A.B. asks: 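My questions all concern the structure below.
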Amino acid sequence: MASTIRDERPGPDELVTLYDAVGWAAYTRDPEALTASIAGSHSVLTARDAAGRLLGLVRTVSDGVTIVYVQDVLVVPSAHRLGIGGALLDTVLHRYSHVRQAVLLTDAEPGQRAFYESRGFVEVRDVEPQPLRSFVLLR
């Protein structure tokens, strides 16, 4: 399945459909907050098929100089394992290649680790020459 990556911010209906498709109900319980989070992101890239259907999205939070936080990388289940998530993440990493720190938080499933490591990410405990710590406060 061919897809095109675009720099765009989808509307509320498409966002809710996409986030629901991957089971991210914490986001879709409040569509206004989801839409505001997309509007407030530093960048948002989408992947669409030839018919214009939204297949995936990646968004970042950043100062554009020293740090970029990859907040969401998601692809509709019907398009998994087609390289869409990788293409979205690769585009973001290229766009922010001048930024010193690229950070993300993800689920603990083994496939996630393999995917992100294939793009050069390292778990904080494995950073050399000294491991780092990571902290999070979820509400």
Side-chain angles (χ1 to χ4, degrees):
M1 175 184 308
S3 65
T4 302
I5 295 177
R6 301 177 184 170
D7 193 341
E8 66 170 332
R9 294 166 198 260
D13 292 341
E14 279 190 310
L15 290 171
V16 169
T17 299
L18 176 63
Y19 280 73
D20 269 341
V22 297
W24 291 12
Y27 287 84
T28 60
R29 281 187 207 113
D30 187 347
E32 288 180 14
L34 173 58
T35 303
S37 71
I38 297 297
S41 296
H42 195 257
S43 68
V44 179
L45 301 175
T46 63
R48 293 185 180 272
D49 65 15
R53 184 174 72 106
L54 184 61
L55 300 175
L57 178 143
V58 61
R59 73 182 182 103
T60 65
V61 178
S62 180
D63 62 15
V65 179
T66 63
I67 190 165
V68 57
Y69 187 88
V70 180
Q71 174 56 33
D72 297 336
V73 179
L74 57 162
V75 175
V76 295
S78 62
H80 282 183
R81 314 235 10 112
L82 298 176
I84 294 168
L88 286 165
L89 185 56
D90 291 346
T91 303
V92 161
L93 293 176
H94 178 73
R95 178 177 285 189
Y96 291 95
S97 62
H98 64 284
V99 174
R100 183 174 162 278
Q101 295 178 71
V103 179
L104 64 86
L105 182 68
T106 190
D107 299 330
E109 76 175 63
Q112 296 290 355
R113 180 179 178 139
F115 173 72
Y116 290 112
E117 284 180 344
S118 77
R119 274 28 195 208
F121 283 88
V122 177
E123 284 200 55
V124 294
R125 68 173 181 249
D126 298 331
V127 170
E128 295 290 339
Q130 295 179 343
L132 299 173
R133 287 194 174 142
S134 179
F135 299 89
V136 63
L137 172 62
L138 298 174
R139 297 186 179 134

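This structure is a prediction, so every number in the text was calculated from the model and none was measured.
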A.B. asks: Measure across L88 and L74 and return the closest heavy-atom pair with its distance rounded to 0.1 Å.
C.D. replies: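 Result for this residue pair: CD1-O, 4.4 Å.
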A.B. asks: With rounding to the nearest 0.5 angstrom, report the CZ to CG distance, R9 to L15.
C.D. replies: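 CG of L15 is found 10.5 Å from CZ of R9.
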A.B. asks: Please determine whether residues V103 and V136 belong to a single hydrophobic cluster, defined as Ile, Leu, Val, Met, Phe, Trp and Tyr linked transitively by side-chain heavy-atom distances below 4.5 Å.
C.D. replies: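 Same cluster: V103 reaches V136 through Ile, Leu, Val, Met, Phe, Trp or Tyr contacts under 4.5 Å.
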A.B. asks: What's the shortest heavy-atom distance between I38 and V44, and which atoms?
C.D. replies: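 Looking at all heavy atoms of both residues, the shortest contact is O-CG2, 3.7 Å.
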A.B. asks: State the CD-CZ distance between Q112 and F121, to the nearest 0.5 angstrom.
C.D. replies: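 Those atoms lie 12.0 Å apart.
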A.B. asks: Any side-chain heavy-atom pair from S37 and E32 closer than 4.5 angstrom?
C.D. replies: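 No, every pair of side-chain atoms sits at 4.5 Å or beyond.
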A.B. asks: So which heavy atom on T66 is nearest to which on D63, and how close?
C.D. replies: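 Scanning both residues completely, I find the closest heavy atoms to be OG1-OD2, 2.6 Å.
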A.B. asks: In terms of hydrophobic clustering (I, L, V, M, F, W, Y; side-chain heavy atoms under 4.5 Å; direct or indirect links), are L138 and Y69 co-clustered?
C.D. replies: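 Yes, because L138 and Y69 connect within a single hydrophobic cluster, where side-chain heavy atoms sit under 4.5 Å apart.
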A.B. asks: In this structure, which one of V92, V70, V58, D72 forms a side chain to side chain contact (heavy atoms under 4.5 Å, CB included) with L104?
C.D. replies: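 Looking at V92, V70, V58, D72, the match for L104 under the side chain to side chain contact (heavy atoms under 4.5 Å, CB included) is V70.
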A.B. asks: Give, for atom CG of D30 and atom OG1 of T35, the distance between the pair rounded to the nearest 0.5 Å.
C.D. replies: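 Going from CG on D30 over to OG1 on T35, the span is 9.0 Å.
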A.B. asks: Roughly how far, to the nearest 0.5 Å, is the OH atom of Y96 from the OG atom of S62?
C.D. replies: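 Going from the OG atom of S62 to the OH atom of Y96 covers 5.0 Å.
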A.B. asks: Taking everything shown except H98 itself, do over 12 heavy atoms lie less than 6.0 Å from its NE2?
C.D. replies: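 Result for NE2/H98: enclosed.
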A.B. asks: Can you check side chain to side chain contact (heavy atoms under 4.5 Å, CB included) on V73 and Y116, steps first, answer last?
C.D. replies: CA-CA 11 Å; V73 179; Y116 290 112; 3.8 Å; yes
A.B. asks: Evaluate E117 against V122 for side chain to side chain contact (heavy atoms under 4.5 Å, CB included), listing each step before the verdict.
C.D. replies: CA-CA 6 Å; E117 284 180 344; V122 177; over 6 Å; no
A.B. asks: Given the rule in the salt bridge (charged side-chain N to carboxylate O under 4.0 Å, His left out) test, do R48 and E14 qualify, once you have shown the distances and angles that lead to the verdict?
C.D. replies: CA-CA 11 Å; R48 293 185 180 272; E14 279 190 310; 2.8 Å; yes
A.B. asks: In sequence, state the C-alpha distance, the side-chain angles, and the governing distance for V61 and H42, and then conclude on side chain to side chain contact (heavy atoms under 4.5 Å, CB included).
C.D. replies: CA-CA 5 Å; V61 178; H42 195 257; 5.6 Å; no
A.B. asks: How are the rings of W24 and Y19 set relative to one another: parallel (under 30°), tilted (30 to 60°) or perpendicular (over 60°)?
C.D. replies: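 Perpendicular.
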A.B. asks: Return the OG to CG distance between S3 and D49, rounded to the nearest 0.5 Å.
C.D. replies: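 It is 8.5 Å, given to the nearest 0.5 Å.
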A.B. asks: Please find the pair of heavy atoms, one from L18 and one from L54, that lie closest to each other, and give the distance.
C.D. replies: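 Smallest heavy-atom distance, with atoms named: CD2-CD2, 3.8 Å.
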A.B. asks: For V76 and R53: C-alpha separation, side-chain torsions, deciding distance, then whether side chain to side chain contact (heavy atoms under 4.5 Å, CB included) applies.
C.D. replies: CA-CA 10 Å; V76 295; R53 184 174 72 106; 4.2 Å; yes
A.B. asks: Have a look at T46 and tell me which of R6, E8, R59 forms a side chain to side chain donor-acceptor pair (under 3.5 Å) with it.
C.D. replies: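 That would be E8.
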A.B. asks: Give a yes or no on whether Q101 atom CD has more than 12 heavy-atom contacts from other residues, nucleotides or ligands under 6.0 Å away.
C.D. replies: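 It does: Q101 CD has more than 12 such atoms within range.
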A.B. asks: For the atom pair CD1 (I84) and CG (L55), what is the distance rounded to the nearest 0.5 Å?
C.D. replies: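 The distance works out to 4.5 Å.
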A.B. asks: Please find the pair of heavy atoms, one from A21 and one from P77, that lie closest to each other, and give the distance.
C.D. replies: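 Closest pair (atom of A21, atom of P77, distance): O-CG, 3.3 Å.
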A.B. asks: For residues H80 and V75, report the shortest heavy-atom separation together with the two atoms involved.
C.D. replies: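 Between these two residues, the closest heavy atoms are NE2-O, 2.8 Å.
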A.B. asks: Step by step, work out the salt bridge (charged side-chain N to carboxylate O under 4.0 Å, His left out) result for R95 and D90.
C.D. replies: CA-CA 9 Å; R95 178 177 285 189; D90 291 346; over 6 Å; no
